[in-house]
Amino acid sequence: MDILISGASIAGTATAYWLKRYGFTPTVVERAPAIREGGYKVDVRGAALDVAERMGVLDAIRARSTDMRIATHYDGSGRRVATMDADLFGGRDSDDAEIMRGDLNEILYDLTRDDVEYLFDDSITGISEDGTVTFERSAPRRFDLVIGADGVHSNTRRLVFGEESRFARDLGYYISICTVPNHLGLDREEAVHAAPGRTANVYSTRQDGNAKALFMWSSKPLSYDFRDTERQKELLAEAMAGVEWEVPALLDAVRDAKDFYFDSLTQIHMDRWSSGRVVLVGDAAYCASPASGQGTSLALVGAYVLAGELAAGGGFDGYEREMRAFVDANQQLGPANVKGMVIASRAAIWFQLKMIKLLPHLPGRDKMIDRIAGAIHRAATAITLKDYQPLQERSQA
């Protein structure tokens, strides 16, 4: 089969790898002129670790770990009020891997760049029932299947399933991330300041001379053009106005950021991820939002299961059957987690910081941490991966 994948981020590159391994002929079309670099730190957990190991990239992921050490909370005047280990809530026995999103995508792209055709600086404009696909730049081509791996604002989903508003569930928060100078001299650590309804977080990972500034805040839906970065920067400044600590200096640095990211915290919920010869994977199908901490893991597992079911004959129905409960469990994390990331009142902020300070000294500390981490672990492992055989192994059997 000739299969077109729209999107060359985590879900797209991982799907391309598995399809090629199972004997299909994938082509990837990507709107950007090259693989996207940078991004923010992401976690690979549970079943996704097994997928990474089966791809042979788990050691490479661990080698490029962010190696985060501590997270420190500051009050508005810059006074240190609480510190905790960066991986405190991963659980005592956690094997979770944390890596910059761009680093992970580079690892996956390197697996496929010599064997898979990539069409950069292009995008799909139409998909016919017979599989003919039209592009902005390339000549029309026919494919047996089309896979939308093009993110929460999926162009493929819009073309085939309808407008995003039919499937998007706004969680009531916004997020913005970009690279800023490391003027705090952070070394594999996070610095956090919380104000009612607004949180600022700046961190620096291993082997990175700069830092990442991350802002989250509660808000009613905002009206803006997704392509108007300057307006988005204005909206961020308006949302964080009056917040103390290092926020004014960070907002000044944001003005010059070249990798500025701004979006609502939104989940995608669909009754069906396929229609005709088109199927969706990753955020395009079941975005859990960055608040879940599971978007990357969903993308890796979804790519593995989709390609495996196509190879095993289960098709789109098999993909739905294997993934649905896993997706549901991980999407439930987002609304719960974000309430601990963006705290509504000063009293709740005071209580959270007090608990962080007391936690190392509380009796039964380890059991308490494992109980908190348990919800994430249960969601991350809420699937039993089948052992899909690559083409060469099936032919030898």
Side-chain angles (χ1 to χ4, degrees), residues 1-7 9-19 21-24 26 45-48 50-51 54-55 124 127 129 131 143-164 166-169 266-289 292 294-334 378-390:
M1 282 188 175
D2 292 321
I3 301 178
L4 178 65
I5 302 168
S6 177
S9 193
I10 306 300
T13 50
T15 302
Y17 167 81
W18 286 111
L19 289 174
R21 185 167 171 179
Y22 294 146
F24 299 102
R45 297 189 177 105
D50 293 335
V51 171
R54 296 180 191 196
M55 297 177 81
I124 297 172
I127 305 171
E129 290 185 5
F143 295 90
D144 297 294
L145 299 176
V146 177
I147 298 174
D150 41 359
V152 62
H153 303 301
S154 170
N155 177 51
T156 309
R157 187 184 61 233
R158 179 184 60 81
L159 289 171
V160 177
F161 297 87
E163 291 301 318
E164 182 177 307
R166 295 177 55 193
F167 314 108
R169 293 187 188 176
T266 299
Q267 293 189 335
I268 298 297
H269 291 259
M270 304 181 70
D271 294 332
R272 181 77 180 172
W273 301 324
S274 64
S275 177
R277 63 179 73 231
V278 179
V279 65
L280 306 175
V281 66
D283 281 355
Y286 33 76
C287 177
S289 87
S292 73
Q294 281 295 94
T296 298
S297 293
L298 281 170
L300 288 171
V301 174
Y304 174 80
V305 173
L306 174 58
E309 288 296 323
L310 290 175
F316 296 161
D317 288 341
Y319 166 58
E320 293 259 359
R321 185 170 54 251
E322 294 297 315
M323 284 291 294
R324 184 62 70 171
F326 182 63
V327 167
D328 290 346
N330 283 280
Q331 286 191 322
Q332 290 175 23
L333 295 174
R378 286 190 295 273
T381 56
I383 187 172
T384 301
L385 298 177
K386 290 183 179 179
D387 186 14
Y388 302 108
Q389 287 187 316

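Side chains are part of it too, since the values below use all heavy atoms of this structure and drop only hydrogens, waters and symmetry mates.
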| field | Aromatic plane relationship, Trp18 with Tyr304 - under 30° parallel, 30 to 60° tilted, over 60° perpendicular | value | perpendicular
| task | List the steps, then state whether side-chain contact (heavy atoms from CB on, under 4.5 Å) holds for Phe326 with Val301. | result | CA-CA 9 Å; Phe326 182 63; Val301 174; 3.7 Å; yes
Looking at [atom1] of [X] and [atom2] of [Y], how far apart are the two atoms once the value is rounded to the nearest 0.5 Å?
X	Y	atom1	atom2	answer
Ile268	Ser154	CD1	OG	8.5 Å
Met323	Leu306	CE	CG	9.0 Å
Cys287	Arg169	SG	CZ	12.5 Å

Which atom of [X] lies closest to which atom of [Y], heavy atoms considered:
X	Y	result
Ser297	Arg45	OG-N, 3.1 Å
Tyr286	Gly302	OH-CA, 3.4 Å
Gln294	Asn330	NE2-OD1, 2.8 Å
Ala303	Thr15	CB-OG1, 3.2 Å

Can you find a heavy atom in the side chain of [X] that is under 4.5 Å from one in the side chain of [Y]?
X	Y	answer
Val278	Leu159	no
Phe167	Leu280	no
Arg21	Met55	no

| Just checking, any donor-acceptor pair under 3.5 angstrom between side chains of Thr156 and Asp150? | yes
| task | Decide, yes or no, whether a salt bridge links Arg158 with Glu164 under the criterion of side-chain N to carboxylate O below 4.0 Å. | result | no
| message | Any salt bridge linking Asp317 with Arg272? Criterion: basic side-chain nitrogen under 4.0 Å from a carboxylate oxygen. | response | yes
| request: Report the C-alpha distance between Val160 and Val146 in whole Å, list the side-chain angles of each, state the deciding distance to 0.1 Å, and finish with yes or no for side-chain contact (heavy atoms from CB on, under 4.5 Å). | output: CA-CA 11 Å; Val160 177; Val146 177; over 6 Å; no
| Main-chain N/O of Glu129 paired to Arg277 side chain as donor or acceptor, under 3.5 Å | yes
| Got a donor-acceptor contact below 3.5 angstrom from the Asn155 side chain to the Ile124 backbone? | yes
